[in-house]
Student: 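Right, I'll just put the structure down here and ask away after.
The first residue of the sequence shown is numbered 1, and numbering continues consecutively from there. We count ligands from 1, going down the list as the structure has it; atoms in each ligand are counted the same way.
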Amino acid sequence: MKKFLATILALTMILALAACGGNDSGSSSAPPADSGSQSSEPAASSGGNGDAKTVGIAMPTQSLERWNRDGAYLDEQFKAAGYNTIVTYSDNKNEQQVNDIQNMLAQGVDLLIIAAIDGNALNTVMNDAGAAGVPVIAYDRLIMNDNASYYVSFDNYTVGKLQGEYVRDALDLDNAAGPFNIEFTAGDPADNNAGYFFNGAMDVLKPYIESGKLVVPSGQTEFSAVATDQWQTDVALDRAQNVLASFYSGGAKLDAWLCSNDSTSLGVAQAVTADYAGGNSVIITGQDGDVANLRNIKDGVQSMTVYKAVANEAVVTLDLAKAILDSGTADGSLISASGWDFACDYDTTSYQTSDGHNCPSFLLVPDVVTADNMEEKLVTPGYYVVGADGYLEATNG
Ligand code: BGC
């Protein structure tokens with residue numbers, strides 16, 4: 001419960017950030033983009049002292065809502081547990097993230113938590129961390145380097161599967177005559193998660209494409225054709241506008257647009273609202289439960305989001321870090337020992353940092369949120385509150 005209250009405090013900061021249009025150019029809770037890092041002492045209540053261990057927390061960017069939540073949750077929880085923290089956001093620039101992590105190593109961090117911008121481009125710092133004996137938890141996104149000691153994330157394949165199943169059920173693909181028209185928008189090719197999300201969805205929908213029940217008028221069904229550089233809303237918007245202009249301006253009906261996450265979903269929804277001439281409401285998927293997308297869901301502009309309770313991801317990361325640093329048992333027994341009130345699997349076979357090298361993974365369980373269950377899934381557990389205008393807000397402070 002204490003952890004939960006700490007997260008509520010953290011969310012207050014995030015709301016303030018979001019109100020300022022959160023970016024990487026600095027705020028009281030995050031460093032300016034160019035300076036990279038912010039050290040902080042342990043919370044006074046934790047009784048921290050000079051001997052406290054220091055944890056480096058490298059987040060990708062403040063320009064996407066979820067990473068502000070993750071950074072704040074991790075920072076709060078590690079400080080409350082008596083650790084010093086250094087938190088960086090690297091403006092979605094890989095070189096900056098490399099510099100930020102190098103600075104953390106130079107400052108003698110005892111453990112690194114890294115949500116990689118490009119999981120294939122951190123070899124130098126990862127090798128430095130390995131040489132210095134600093135354990136690394138790959139946070140949310142896997143890092144393709146064997147010095148990644150552990151991976152903490154949600155079941156990424158299941159995220160995509162839930163999106164695909166939502167489309168399948170909403171269109172009643174097993175019973176309805178069809179055919180139905182669908183388009184796809186996937187994530188950043190540099191993000192190891194993006195392929196898992198896309199494959200999870202495709203594995204559900206591909207049989208219907210092959211049978212002709214689902215048709216993709218653009219013909220763009222390969223990940224490389226539908227990927228979105230850095231998950232940017234504007235990039236997704238541009239491509240959606242092009243697809244609509246090229247394949248739907250003649251009156252073709254658009255039934256569904258599978259989007260891998262909320263930032264891309266925002267761009268697609270904007271294009272559909274502005275440029276799609278059909279009168280039907282289009283099924284649009286998402287992931288994260290960003291506030292703007294929850295508004296769209298309530299307004300019927302987006303159909304669903306796959307919610308991942310990142311507060312719980314931070315809890316797992318903290319307990320794992322404690323086990324690593326304070327010589328507890330850092331394996332699957334952590335799950336039964338922890339007393340977490342949420343589901344988490346220990347998986348030693350699904351994620352490889354190189355051929356034949358498995359990364360032990362703690363995988364949390366994602367959940368589908370729609371207009372109908374939004375309050376039950378997000379408000380009742382305390383992740384969001386209903387604002388005065390009836391839309392969900394991250395917290396009321
Ligand atoms: C995360 C998603 C997020 C995306 C863009 C992925 O790695 O798992 O939750 O939507 O990055 O930030």
Student: Thinking salt bridges, do Lys161 and Asp155 make one under a 4.0 Å N-O criterion?
Tutor: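 Between Asp155 and Lys161 there is no salt bridge, as every charged N stays at least 4.0 Å from the carboxylate O atoms.
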Student: With a 4.0 Å heavy-atom cut-off, what residues sit around ligand 1?
Tutor: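 Within the 4.0 Å shell of ligand 1, which is judged on heavy atoms, sit Leu64, Arg66, Trp67, Asp140, Arg141, Asp191, Asn193, Phe197, Trp231, Asn261, Gln287, Asp288, Lys308.
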Student: Given the rule in the side chain to side chain donor-acceptor pair (under 3.5 Å) test, do Asn296 and Asn293 qualify, once you have shown the distances and angles that lead to the verdict?
Tutor: CA-CA 5 Å; Asn296 275 355; Asn293 298 77; over 6 Å; no
Student: Can you tell me how far the CZ atom of Arg66 sits from the CG atom of Asp70, to the nearest 0.5 Å?
Tutor: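 The CG atom of Asp70 is 4.0 Å from CZ of Arg66, to the nearest 0.5 Å.
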Student: Should we say atom CD of Gln352 is surrounded by more than 12 heavy atoms from elsewhere, each under 6.0 Å from it?
Tutor: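 For Gln352, atom CD is crowded (more than 12 foreign heavy atoms under 6.0 Å).
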Student: Donor-acceptor pairs under 3.5 angstrom involving side-chain atoms of residues 111-123: please list them, not counting sequence neighbours.
Tutor:
from   : atom 1 : to     : atom 2 : distance (Å)
Asp118 : OD1    : Asn120 : N      : 2.9
Asn123 : OD1    : Asn145 : ND2    : 2.7

Student: Between atom OG of Ser361 and atom CZ of Phe154, what is the distance when rounded to the nearest 0.5 Å?
Tutor: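 These two atoms lie 14.0 Å from each other.
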